[in-house]
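Everything below concerns the one structure shown next.
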2 protein chains.
Amino acid sequence: MKAKSAHSSPKPRADSIRNRERLLVAATKIFSADTGHASLEAVARQAGVGIGTLYRHFPTRETLFEAVYRHEVEQLFALAEKLSRGGDPAESLRKWLNANVRLVATKKGMVEALQLVTHGSSELKNYSFERLTAAIAMLLDRGVAAGVFRSDVSPEELLRALVGIFYSQAAEKWQPGALRLVNVLVDGLCRSTGARVPRRSLRRRGTQ
Amino acid sequence: MKAKSAHSSPKPRADSIRNRERLLVAATKIFSADTGHASLEAVARQAGVGIGTLYRHFPTRETLFEAVYRHEVEQLFALAEKLSRGGDPAESLRKWLNANVRLVATKKGMVEALQLVTHGSSELKNYSFERLTAAIAMLLDRGVAAGVFRSDVSPEELLRALVGIFYSQAAEKWQPGALRLVNVLVDGLCRSTGARVPRRSLRRRGTQ
DNA sequence: TGACAAACGGAGGGTACCTCCGTATAACTA
DNA sequence: TAGTTATACGGAGGTACCCTCCGTTTGTCA
């Protein structure tokens, strides 16, 4: 007899996995592009599956949102992993932060997404907080070890600063401001240890 | 010849005015009651007018939202006027603040409303800021004049505190906390001048 | 009271939501 | 490889909502 105990997950079929993946990709695209109110049928169309399939995988709009969000957090984590494997620590951190800004910037339907995170399951909140903190930690630790970053800023603090930057700038045309602040942040991290600051990040500074 | 210059508004018909009023009332009710996504057809039904009439008065969902919001700000202002005409200043202020809490509490569809205020026309933002500040000023000045309130808190500051209370508590079951904070606020205003503090507001205090 | 601009109502065409069930197929067995 | 079956798929269809358009009604003014 096959090991098919009542409680272990019975391993989904290959097409099921594939379709789930497609839906996630499609949803990411549609949600980003559209102005806030994307239709689920559009997502299904984009994914090349029937509407029924969408609903089987994601019974409610929220589950789909949540999955997309999770997926993006995972990708950010993966990027951090990759970036922290080599290259200048300050540049790596800057790149990762920029990726964050860009991600948020393309989220036209972000309003709903943000609501989800703010009012949604605390499980999801915890997950993303933990994951993003870990991502930042990876990037940060390397720089600290190399003596490039000051050592008195924790990953949690940095994450909060990041959220603050996004939140406070939640107006039109916020991206330039956010990017500038991100640069300030990285510069600040570097400078106060007396470490060499990458030239690029100094360019914008005037007198003062 | 009738004064009907090309630019002055040609004075709307009586039924037009009446229907607009009805729609506003209906919308307030529906938006408050419903869970975030009220249908415009429901509003029209509730108002007892045809859907076409709704669209003629409020071409988009946003215009309707905005009108409702304006209307409520006006009512808050009127309430402040009434309250500041007599009675204990502290009690008046408390009543007004409580009205605020209750108003926000019934706004299930508040999420959208808040979005409107945050991202909407700055004209509307200015209007409500000005109106609410004026309302608070009325209530505050009287108490200051009577020596019941401390005099070093401006209406603007109080308004900001209020917004902060609402915003920070934007979770489930926030109303008790918000009401408590409002009480703390009023008590604080009174206490620090050495003025008598209404008994009610002390009741909740335990040791410490 | 008559004439007409202004306002009304709601039918209708289009889209999106979500369910349900007949059909297809991946996975496993002999 | 063929047969079997649980699993997953697709999309038709009923409902609700959006918004426009236009024939009808009504307030207003002379």
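A note on names: the letters A, B, ... follow the listed sequences, proteins ahead of strands, and every chain is numbered from 1. Values below: all heavy atoms of this structure, side chains included; hydrogens, waters and symmetry mates excluded. For clarity, every value in this text was computed on a predicted model and none was experimentally measured.
Of the side-chain N and O atoms in A:H57, none sit less than 4.0 angstrom from OP1 or OP2 of D:dA8. Within the structure, every side-chain polar atom (N or O) of B:S16 is placed at least 4.0 Å from both OP1 and OP2 of C:dA6. For the pair B:T53 and C:dG9, the criterion of a side-chain N or O lying under 4.0 Å from OP1 or OP2 is met.
Checked by atom type and distance alone, the side chain of B:R131 never pairs as donor or acceptor with a backbone atom of B:V73 at under 3.5 Å. A:W96 contributes a side-chain N or O that, together with a main-chain N or O of A:L76, makes up a donor-acceptor pair within less than 3.5 Å.
Going from atom CD1 of A:I51 over to atom P of C:dT19 covers 11 Å, rounded to whole Å. The separation between B:N19 atom CG and D:dT25 atom P is 17 Å, rounded to whole Å. Across the protein-nucleic acid pair, A:L40 atom CG and C:dT15 atom C1' stand 13 Å apart, rounded to whole Å. Here D:dC9 presents its P atom at 11 Å from CZ of A:R20, a figure rounded to the nearest Å. Computed from coordinates, the B:D15 CG to C:dG9 C1' distance equals 12 Å when rounded to whole Å. For the pair A:F58 CZ and C:dT19 C1', the computed distance is 19 Å after rounding to whole Å. Between the C1' atom of D:dC9 and the CD1 atom of A:I17 lies a distance of 15 Å, rounded to the nearest Å. In this structure, B:Y55 places its OH atom 16 Å from P of C:dA11, rounding to the nearest Å.
Residues B:M138 and B:L93 fail the side-chain proximity criterion, which asks for heavy atoms closer than 4.5 Å. Counting heavy atoms from C-beta on, the side chains of B:F149 and B:D141 never come closer than 4.5 Å.
Direction of the helix axis in the helix from C:dT1-D:dA30 to C:dA30-D:dT1 shifts by 10° between the two five-pair termini, rounded to 10°.
Taking the charged nitrogens against the carboxylate oxygens, A:R18 and A:E21 have no contact shorter than 4.0 Å, which rules out a salt bridge. Note on B:E157 versus B:R160: no salt bridge recorded, every NZ/NE/NH1/NH2 to OD/OE distance being 4.0 Å or above. A salt bridge links B:E66 with B:R70; the closest basic N to acidic carboxylate O contact falls under 4.0 Å.
Ring centroid separation for the pair B:F65 and B:F58 does not come in under the 6.0 Å cut-off.
When every heavy atom of B:V43 is checked against every heavy atom of B:A26, the shortest pair comes out as O-CB, 3.6 Å.
Place B:R13 and B:E41 on DNA chain C by their nearest nucleotides, and B:R13 ends up nearer the 5' end.
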Quick test: give all pairs of protein nitrogen or oxygen and nucleotides 21-24 of chain D nitrogen or oxygen below 3.5 Å, distance rounded to 0.1 Å.
none

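Picking from D:dC18, C:dC8, C:dA7 the nucleotide with the shortest atom distance to the side chain of B:P12 gives C:dA7.
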